[in-house]
Novice: 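Pasting a structure below so you can have a look.
Values reported hereafter were calculated over all heavy atoms of this structure, with side chains retained and with hydrogens, waters and symmetry mates removed. Here is how names work: the chains are called A, B, and so on, in the same order as the sequence lines, proteins then strands, and each is numbered from 1.
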Number of protein chains: 2
Amino acid sequence: MKKCQENYSDFNQPKLILTLAKPTFIFMSLILDNIGKHVTLTEEEKVLFLSKTKTINVKAKTMLLNAGEISRYTYFVNQGILRSFNVTDNIVEHVLSFACKDWWIGDMYSLISGKPGHLFIEVIEDAELVLLSREDQEKLFHQIPKLERFFRILVENSLVAHQERLMDNLSLTAEERYEKFCQKYPSLITSVPQKHIASYIGVTPEFFSKMKAKLLRNSSH
Amino acid sequence: MKKCQENYSDFNQPKLILTLAKPTFIFMSLILDNIGKHVTLTEEEKVLFLSKTKTINVKAKTMLLNAGEISRYTYFVNQGILRSFNVTDNIVEHVLSFACKDWWIGDMYSLISGKPGHLFIEVIEDAELVLLSREDQEKLFHQIPKLERFFRILVENSLVAHQERLMDNLSLTAEERYEKFCQKYPSLITSVPQKHIASYIGVTPEFFSKMKAKLLRNSSH
DNA sequence: CTGCTTTCTTAACCTAGGTTAAGTAATTCA
DNA sequence: TGAATTACTTAACCTAGGTTAAGAAAGCAG
């Protein structure tokens, strides 16, 4: 737990230091494949869609979005790891979601309301991201109705996942929630600081540490 | 807390005892007005949409959906109160959501996966409901793209609400969550059994009762 | 109106997880 | 490489909320 004041405030002046990049060749079709899981676009539609996106490289620790800012972009992860979280009492962080390769992340509240959001979005591991602005997204919904279908399905799935997590938080112990986390995000277990995992499942880093020690003790003997 | 076994099992044989009803005149346009909040349909589109819906009257205590069943319908509430909940260890209920006049409710997981769901949907107060089957809904998405837009927006809003509730559960006390509940559902405070409110905010009925007594004591003097 | 069922309350006791604090291991960056 | 920061662990103590149980109140069907 840390004072977020000091950590995030210096982000305000220099404004996003990032590298505009031609999408790395091996990732060019990752986002199209992702869309292809739910709808089939024509070649022309693919080109039109890609023309509205920007691809950027961002270093670990970059804060892509601060609470209180209006969010314009939805992010698709070609590579790397991000997290979104909020901060209560200026101190305690709560991780809302992680995003790794082939996942989408954004501040839906700010995107749809156009108001300042409550979320921070931070790069945990150097990342290559595809950006889609809400403005372009909505234009694309008119030009390519299949894209609106795609995002409708994407949001439906996300809603179901959030409903399940809500119920899990009400009915499972911290240990059981950790087990589910491990199933859902196996790749993250070792690659993000465990205090963020603790925050995601809803316990303090201290309790998480105690819990993990207990799990080890029980499994080894 | 009760054994759900006895309460719900008798629902299986007689299958939905309900009254097929012409939508009550005063509610005829409630669902159209609701849709009109986000998209504008032509008169023909309205007629087409309504032709795919059924309106029914259901008595309090009817179980519209049991966990383990495949859910075919999304419900819109013209009048009355419903709740959706799951049951863990065959005993403990967790309320996922309430729905009163002008709200939508359904088991999104089962609807989109086509698999048996985990939710029960129960009528708390005699209700008039508009039913839309997933099958018809998807046909309508092709015939009236604006309807797909409407549901995309509806689900986006629902996602934001669920994200906020998730964060609230991680960061607020039971008392603060109750306060938020009162703001969000003022009409329910007195009209649903308070054990359901306790469940919604994530505490036991006993603790809820204790908490309420404390609030009263503090406010009165 | 009456008995039965469901809901609500109260109270004593319990526990999962939080807090504080201090020390140890990793990272990071100069 | 080594000082400084950040992350993790451990342990003693604490508390919000759970559990169990029993009685009171309120709904409701006959």
Novice: Tell me every residue that passes salt bridge (charged side-chain N to carboxylate O under 4.0 Å, His left out) with B:Glu164, counting only those two or more places apart in sequence or in another chain.
Specialist: B:Lys180
Novice: If an axis is fit to five pairs at each end of the helix from C:dC1-D:dG30 to C:dA30-D:dT1, what is the angle between the two, to the nearest 10°?
Specialist: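 That helix has its two terminal axes inclined by roughly 60°.
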Novice: State which residues pass side-chain contact (heavy atoms from CB on, under 4.5 Å) with A:Glu175; sequence neighbours excluded, sorted by chain then number.
Specialist: A:Thr173, A:Met211, A:Lys214, A:Leu215
Novice: Is it the case that atom CD in A:Glu135 sees more than 12 heavy atoms from other parts of the structure closer than 6.0 Å?
Specialist: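 No.
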Novice: With under 30° as parallel and over 60° as perpendicular, where do the rings of A:Phe150 and A:Trp104 fit, or are they tilted in between?
Specialist: tilted
Novice: Could I get the full list of side-chain contact (heavy atoms from CB on, under 4.5 Å) partners for B:Pro193, not counting sequence neighbours?
Specialist: B:Ile124, B:Lys195, B:His196
Novice: Using the side-chain contact (heavy atoms from CB on, under 4.5 Å) criterion, which residues pair with B:Val160? Sequence neighbours excluded.
Specialist: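 With neighbours one apart ignored, the set is A:Met108, A:Tyr109, A:Ile112.
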Novice: In whole angstrom, what separates B:Ile124's CD1 from D:dG27's C1'?
Specialist: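 Roughly 16 Å, once rounded to whole Å.
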Novice: Output all residues satisfying side-chain contact (heavy atoms from CB on, under 4.5 Å) with B:Ser209, sequence neighbours left out; order by chain, then residue number.
Specialist: B:Gln194
Novice: Quickly work out the A:Glu93 CD to D:dA7 C1' distance and round it to whole Å.
Specialist: 13 Å
Novice: Rounded to whole angstrom units, what separation is found between the CG atom of A:Asp89 and the P atom of C:dG18?
Specialist: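 It is 15 Å, rounded to the nearest whole Å.
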Novice: Polar atoms only, N or O, under 3.5 Å: list the protein pairs with nucleotides 8-16 of chain D and their distances.
Specialist:
unit_1: D:dC8; atom_1: OP1; unit_2: A:Gln194; atom_2: N; d: 2.9
unit_1: D:dC8; atom_1: OP2; unit_2: A:Gln194; atom_2: N; d: 3.4
unit_1: D:dC8; atom_1: OP2; unit_2: A:Lys195; atom_2: N; d: 3.1
unit_1: D:dT9; atom_1: OP2; unit_2: A:Gln194; atom_2: NE2; d: 2.4
unit_1: D:dT9; atom_1: OP2; unit_2: A:Ser209; atom_2: OG; d: 2.8
unit_1: D:dT9; atom_1: O5'; unit_2: A:Ser209; atom_2: OG; d: 3.1

Novice: If the condition is ring pair (Phe, Tyr, Trp, His ring centres under 6.0 Å), which residues does A:Tyr73 pass it with, not counting sequence neighbours?
Specialist: none
Novice: What is the distance from CD1 of A:Ile91 to C1' of C:dT19, rounded to the nearest Å?
Specialist: 13 Å
Novice: Rounded to whole angstroms, how far apart are CG on B:Leu216 and P on C:dC8?
Specialist: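 In whole Å, C:dC8 P and B:Leu216 CG are 15 Å from each other.
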Novice: Is the shortest side-chain N/O distance from B:Thr204 to OP1 or OP2 of D:dG17 below 4.0 Å?
Specialist: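 Answer no for this pair, as no side-chain N or O of B:Thr204 is under 4.0 Å from OP1 or OP2.
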Novice: Can you measure A:Tyr178 atom OH to C:dG17 atom C1' for me and round it to whole angstrom units?
Specialist: 17 Å
Novice: Measure the distance from CG on A:Leu170 to C1' on D:dG17 and round it to the nearest whole Å.
Specialist: 13 Å
Novice: Of all residues at least two apart in sequence or in a different chain, which pass the ring pair (Phe, Tyr, Trp, His ring centres under 6.0 Å) check with A:Tyr178?
Specialist: A:Phe208
